[in-house]
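Quick note: residue numbers are just sequence positions, from 1. Just so you know, these numbers use all the heavy atoms, side chains as well, and skip hydrogens, waters and symmetry mates.
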Amino acid sequence: MRAAILEGIGRPLVVEDVELREPEAHEVVVRIAAIDVCITDALSARGDVAAAPPTILGHAAAGVVEEIGAHVERVRVGDRVVVAGTPECGECFWCIRDQPDQCAEMLGGILPPRVVAMRADGQPVHADGGVGAFAERMVLRDSGVVAVETELSDEHLSLLGCGVTAGVGAVLNLAEVQAGSSVAVIGCGALGLWMVQGARVAGATTIIAVEPRAERRELALTVGATHAVDPDDGDPVGAVKALTAGRGADYALEAAGPPEAMAQALAMTRPAGTMVPAGWETLSSTVTLPAVDFAVGGKRIQSCQYGGAHIRRDIPRFAGMLEAGLLDAVPLVSRRFALEEVNEALAAASGRELITAVIVPDPPS
C-alpha cells in the first residue's frame, strides 16, 4: 500500500509503498477513503507535536473495514467507519468516569510509538498519535473507529474524525450553550467555524465571530454568525462587550491558538460566564491571565480536548445533524488533494490558506 511518511522533522513527507502488518487483538484494518487534514498534522510535521520518524501522519479519516483482529466486537468487515483522533476504550480510569476525551489509550498510542508497517528496507514505520491516516490502508485500534450508517460522502464523513466533533462538541458538551444566549468565537478556521455552527444549532441568538481574515469573517456569517469582528481593527474585547450590553458574552470559545487569544477570550466572557480554550500554538506556550478576573470573576474555564466527545455517541449524532442539514460541511471543504499532494495540503493548512483540505488516497477515475 502507499503511505505518506515523515522521514525527519521539518522534512517533506515521502509517498512510498510499505507493507502493512496484520491486525492484532482489538485492531482492525481500514481502507482509507478520505482524510481530514488538520493543522495539527502540520504541527506534527514540523516537530511541534510528538512524532517519531519514520511515521505516518494523519489522525482523522473515513473508510471501510477490511479485516478485523481477535476480540473485535465494535465493528464488522464492510462497515463504513470514522477514524477518530481520540480513542474511547471504555475501560480505563477516565472512560469509566464518563471522561473518554482523556482516554488512557490516547497517550498509549503515542508513547511508545506504535509500529504499523515496514518499509522496503525493513525499517519499521510508526503511526503518529496511534492513528496514521495518510495512507491507502491502515491498521487501527478498534477503540478509535466508529461505525456509522449514513449516506454522507466520504469526504464529509472524514470531517467527523476531527473538526466537526471537536468544534460542535465544544459547544454542546463542554460549554453547554443555552438557547437565547450570546456566544463569541475567537478564530474562524475549521474548528471555529464548526463552533459557530454548533452555537447556531444550540439556539444562541447572538453569535460573534472574531477573526482577522475578511474571507473567514464572511464565511462565518454565512454559516451562522450574527456579527463579525476584526481583532486588528481596534479592541476586540470592547467590540464583543458592545454587542452584549456591555457585559461580555455568555460563552467565549477560543479556536485561534496564540496565548493572547485565550486571554482575550477570558476578557470577553461576562462575569459568571463560560470560557472554553480549544486552540494552542506550541507545546511550550503559556497563558497569562489577570489575577482578579481569574480569581473572582466567577467565570468557568472549561478545558477542551476533542470537544469532550464520547465518540461512539457523538460521531453518529453529529453525522445525523449533517444529514439533516443542521450542520453544513460544503462551505468548509476548500480543496481535495491526492495522496501524492500531501505536502501541498500540509503547507496550505499551516499557512491557513484554506479552511479544510481533504486527501483522497484513491480518487475515482
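Considering all non-hydrogen atoms of both residues, Gly279 and Glu254 come closest at N-OE1, 2.9 Å. Between Leu160 and Leu152, the shortest heavy-atom distance links the atoms CD1-CD1, 4.4 Å. Taking every heavy atom of both residues into account, Arg217 and Pro212 meet most closely at NH1-O, 2.9 Å. When all heavy atoms are compared, the tightest approach of Ile207 to Gly224 is CD1-O, 3.5 Å. Pairing each heavy atom of Val223 with each of Arg200, the nearest pair is O-NE, 2.9 Å. Nearest heavy atom pair, residue Pro361 against residue Ile359, reads CD-O, 3.5 Å.
Going from atom CZ of Arg270 over to atom NZ of Lys241 covers 12.5 Å, rounded to the nearest 0.5 Å. Atom OG1 of Thr165 and atom CZ of Phe318 lie 6.0 Å apart (nearest 0.5 Å). Atom-to-atom distance recorded for Asn173:CG and Cys304:SG is 9.0 Å, nearest 0.5 angstrom. For the atom pair Asp98 CG and Asp101 CG, the distance stands at 9.5 Å (nearest 0.5 Å). Taking CG of Leu253 as the start and CE of Met275 as the end, the distance is 9.0 Å to the nearest 0.5 Å. The CE atom of Met262 lies 11.5 Å from the CG atom of Leu266; values are rounded to the nearest 0.5 Å.
No donor-acceptor distance shorter than 3.5 angstrom exists from the side chain of Ser350 to the backbone of Leu346, with no hydrogens or angles considered. Distance alone, capped at 3.5 Å, places no donor-acceptor pair between the Asp79 side chain and the Val81 backbone. Checking side-chain atoms of Glu88 against main-chain N and O of Gly90 turns up no donor-acceptor pair under 3.5 Å. A distance-only check finds a donor-acceptor pair linking the side chain of Arg21 to the backbone of Val115 [under 3.5 Å]. With Glu105 contributing its side chain and Pro87 its backbone, the two residues share no donor-acceptor pair below 3.5 Å.
When hydrophobic clusters are built by joining Ile, Leu, Val, Met, Phe, Trp and Tyr residues whose side-chain heavy atoms come closer than 4.5 Å, directly or via intermediates, Val276 is not grouped with Ile208. Transitive grouping of hydrophobic side chains (ILVMFWY, heavy atoms separated by less than 4.5 Å) brings Met1 and Phe337 into a common cluster. Both Val333 and Val148 are assigned to one and the same hydrophobic cluster, defined by single-linkage of ILVMFWY side chains at heavy-atom distances under 4.5 Å. Val171 and Leu221 fall into different hydrophobic clusters, defined by Ile, Leu, Val, Met, Phe, Trp and Tyr side-chain heavy atoms under 4.5 Å apart, directly or through other members. Residues Val14 and Leu339 do not share a hydrophobic cluster, defined by chaining ILVMFWY side chains whose heavy atoms lie under 4.5 Å apart.
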Test log, rule side-chain contact (heavy atoms from CB on, under 4.5 Å), inputs Arg352 and Arg216: CA-CA 10 Å; Arg352 293 174 170 82; Arg216 294 189 174 191; 3.5 Å; yes
Worked check of side-chain contact (heavy atoms from CB on, under 4.5 Å) between Arg76 and Ile68: CA-CA 7 Å; Arg76 298 171 298 179; Ile68 61 174; 6.0 Å; no
Apply the test side-chain contact (heavy atoms from CB on, under 4.5 Å) to residues Val342 and Val15: give CA-CA distance (whole Å), side-chain angles for both, the deciding distance (0.1 Å), then the verdict. CA-CA 8 Å; Val342 61; Val15 177; 4.2 Å; yes
Step by step, would you call Thr205 with Thr226 a side-chain contact (heavy atoms from CB on, under 4.5 Å)? CA-CA 8 Å; Thr205 50; Thr226 59; over 6 Å; no
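Within the structure, ring-ring contact (aromatic ring centres under 6.0 Å, His included) pairs that include any residue of residues 70-107 comprise His26-His71 (at least two apart or interchain).
Residues Thr286 and Pro259 fail the side-chain proximity criterion, which asks for heavy atoms closer than 4.5 Å. Looking only at side-chain heavy atoms (C-beta outward), Gln197 and Leu332 come within less than 4.5 Å of each other. Counting heavy atoms from C-beta outward, Ile311 and Pro100 have side chains that stay 4.5 Å or more apart. Looking only at side-chain heavy atoms (C-beta outward), Asp36 and Val164 stay at 4.5 Å or farther from each other. Side chains of Thr274 and Val177 form no contact here, defined as non-hydrogen atoms less than 4.5 Å apart.
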In a table with atom names and distances, give each donor-acceptor pair under 3.5 Å that connects a side chain of residues 319-328 to protein atoms at least two apart or in another chain.
residue : atom : partner : partner atom : Å
Glu323  : OE2  : Thr150  : OG1          : 2.8
Glu323  : OE2  : Glu151  : N            : 2.9
Asp328  : OD1  : Val330  : N            : 3.1

Listing, residues 130-138 side-chain donor-acceptor contacts under 3.5 Å, not counting sequence neighbours, or none:
residue : atom : partner : partner atom : Å
Glu136  : OE1  : Arg2    : N            : 2.8
Glu136  : OE2  : Arg2    : NE           : 2.8
Glu136  : OE2  : Arg2    : NH2          : 2.9
Arg137  : NE   : Glu66   : OE1          : 2.8
Arg137  : NH2  : Glu66   : OE1          : 3.4
Arg137  : NH2  : Glu67   : OE2          : 3.2

Counting only pairs under 3.5 Å, give me each side-chain donor-acceptor contact of residues 179-196, with atom names and distances, residues two or more places apart or in other chains.
residue : atom : partner : partner atom : Å
Ser181  : OG   : Gln178  : O            : 2.5
Ser182  : OG   : Asp250  : N            : 2.9
Ser182  : OG   : Asp250  : OD2          : 3.2

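The only option from Thr55, Leu57, Val18, Leu13 that meets the side-chain contact (heavy atoms from CB on, under 4.5 Å) definition with Ile5 turns out to be Val18. Evaluated for a side chain to side chain donor-acceptor pair (under 3.5 Å) with Asp314, the options Arg312, Arg317, His310 yield exactly one hit, Arg317.
Under 3.5 Å, the side chains of Asp41 and His59 contain a donor-acceptor pair of N or O atoms.
With a 6.0 Å radius and a threshold of 12 heavy atoms from other residues, nucleotides or ligands, Glu215 has its CD atom above the threshold. Atom CD of Glu19 has 12 or fewer heavy atoms from other residues, nucleotides or ligands within 6.0 Å.
Between Arg335 and Glu341 there is a salt bridge, with a side-chain nitrogen of the basic residue lying less than 4.0 Å from a carboxylate oxygen of the acidic one. With salt bridges taken as basic N to acidic carboxylate O contacts below 4.0 Å, none links Glu24 and Arg114.
Asp293 meets the salt bridge (charged side-chain N to carboxylate O under 4.0 Å, His left out) test with Lys299; sequence neighbours excluded.
Residue Ile39 shares its hydrophobic cluster (ILVMFWY side chains chained together at separations under 4.5 Å) with no other residue.
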